[in-house]
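Worth knowing before you read on, the calculation uses all heavy atoms, side chains too, and leaves out hydrogens, waters and symmetry mates. Here, residue 1 is the first one in the sequence, and each next residue gets the next number. Start at 1 and go down the list; that is how both ligands and their atoms are numbered.
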Amino acid sequence: MKDEILYNLKQVHDRIENACKLSGRDASDVQLLLATKTVPAEKIRIAIEAGENLMGENKMQELRDKDSDLQHLNIERHFIGHLQTNKIKDVLKYVTCIQSLDRLNLAQELDKQLQREGRNLDVFVQVNTSFEESKFGLPPTEVISFIREIKKYETLKIKGLMTIGLLDVEKEKMRPSLKLLRKIRDEIYDAKIDGINDLKLSMGMSQDLELAVAEGSNLVRIGTSIFGNRFLGKEIWNENIAE
Ligand SMILES: *Cc1c(COP(=O)(O)O)cnc(C)c1O
């Protein structure tokens, strides 16, 4: 198991490097986040001990269950799943960033809890770039006004935009989502919102990693290519099912 994970990790880093080379980017511009939903702590630990320092979970319960095995390791944890407001307090115990901020009442409730705790939080605004109804995320046309709105919450540090692109067996069908996220960022810059001038793009999963890097991703979130397929009994995990 260990050898396989280490081998896969090396492959993923090679893929990132090659994609960077092809588009003339510096490999240090693209961070790797381990997407660890359904992956047991012992496997995650292998990747961390090999030098990885960023992981993302989709569910509060998994954060909690794996916490005792991982908390003493040098790992930063992000939340990348759909977040219900009643889970905010628990999720905040484990993470330094929420990448799935996609609605005003979530921003408001996060701010309330963060104020109570006297701390700030990094956030990414999640955008639905695939126009699939099953996907979470703001419609692209609402992103600028959303950012203007949430700027009033001083506890929320807006770090970038996140998307789950359209996944398809055909490469060129996956590209438009990724291009769109970048375009939205450009439009945000053009809108010259005070203090919003350095937004990272969190996009790219096992299937569309190379395309995402080519389209400007700064943070790829990889699960399957490192830890293998996710099977929960007979059911394959679907990232769009809320807790
Ligand atoms: C599961 C998941 C990933 C990783 O997907 P893989 O295809 O396993 O690489 C990335 N981002 C989010 C939000 C996810 O839920």
For this session: Would you indicate whether the side-chain heavy atoms of Arg119 and Thr155 approach each other to under 4.5 Å?
Result: no

Exercise. Among Met205, Arg221, Gln126, Lys37, which residue places a heavy atom closest to atom 2 (C) of ligand 1?
Worked result: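 Among Met205, Arg221, Gln126, Lys37, the closest heavy atom to atom 2 (C) of ligand 1 belongs to Lys37.
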
Exercise. Looking only at distance, does Asn58 have an N or O less than 3.5 Å from an N or O of ligand 1?
Worked result: yes

For this session: May I ask you to check if ligand 1 and Gly223 share an N or O to N or O distance below 3.5 Å?
Result: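 Right, the criterion is met.
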
Which atoms of ligand 1 are found less than 4.0 Å from any heavy atom of [X]?
X: Thr224; result: 6 (P), 7 (O), 8 (O), 9 (O)
X: Ile222; result: 9 (O)
X: Ala35; result: 3 (C), 4 (C)

Problem set entry | salt bridge (Lys or Arg N to Asp or Glu O under 4.0 Å) between Lys192 and Asp194, worked out | CA-CA 6 Å; Lys192 301 210 185 305; Asp194 202 27; over 6 Å; no

Exercise. So, does Gln207 sit close enough to ligand 1 that a heavy atom of it is under 4.0 Å from the ligand?
Worked result: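 Contact check Gln207 vs ligand 1: negative.
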
Problem set entry | 4.0 Å heavy-atom contact, Arg230 with ligand 1 | yes

For this session: May I ask you to decide if the ring planes of His78 and Phe124 are parallel, tilted or perpendicular, using 30° and 60° as cut-offs?
Result: tilted

Problem set entry | Shared-cluster residues of Ile75, by chain and number - hydrophobic side chains joined below 4.5 Å | Met1, Ile5, Leu6, Leu9, Val12, Ile16, Val30, Leu32, Leu34, Val39, Ile44, Ile46, Ile48, Met55, Leu70, Leu73, Leu209, Val213, Val220, Ile222, Ile226, Phe227

For this session: Taking only Lys NZ, Arg NE, NH1 and NH2, and the carboxylate oxygens of Asp or Glu, determine whether Arg45 and Glu42 approach each other closer than 4.0 Å.
Result: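 Result for this pair is no, no salt bridge flagged.
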
Exercise. How many angstroms lie between CD in Glu117 and NZ in Lys93, if you round to the nearest 0.5 Å?
Worked result: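 If I round to the nearest 0.5 Å, the distance is 9.0 Å.
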
Exercise. With a 4.0 Å heavy-atom cut-off (strictly under), which part of Ser206 contacts ligand 1: side chain, backbone, both or neither?
Worked result: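 Answer for Ser206: both.
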
For this session: Return the set of residues passing side-chain hydrogen bond (donor to acceptor under 3.5 Å, both in side chains) with Arg175 (not counting sequence neighbours), or none when no residue passes.
Result: Glu172, Glu215

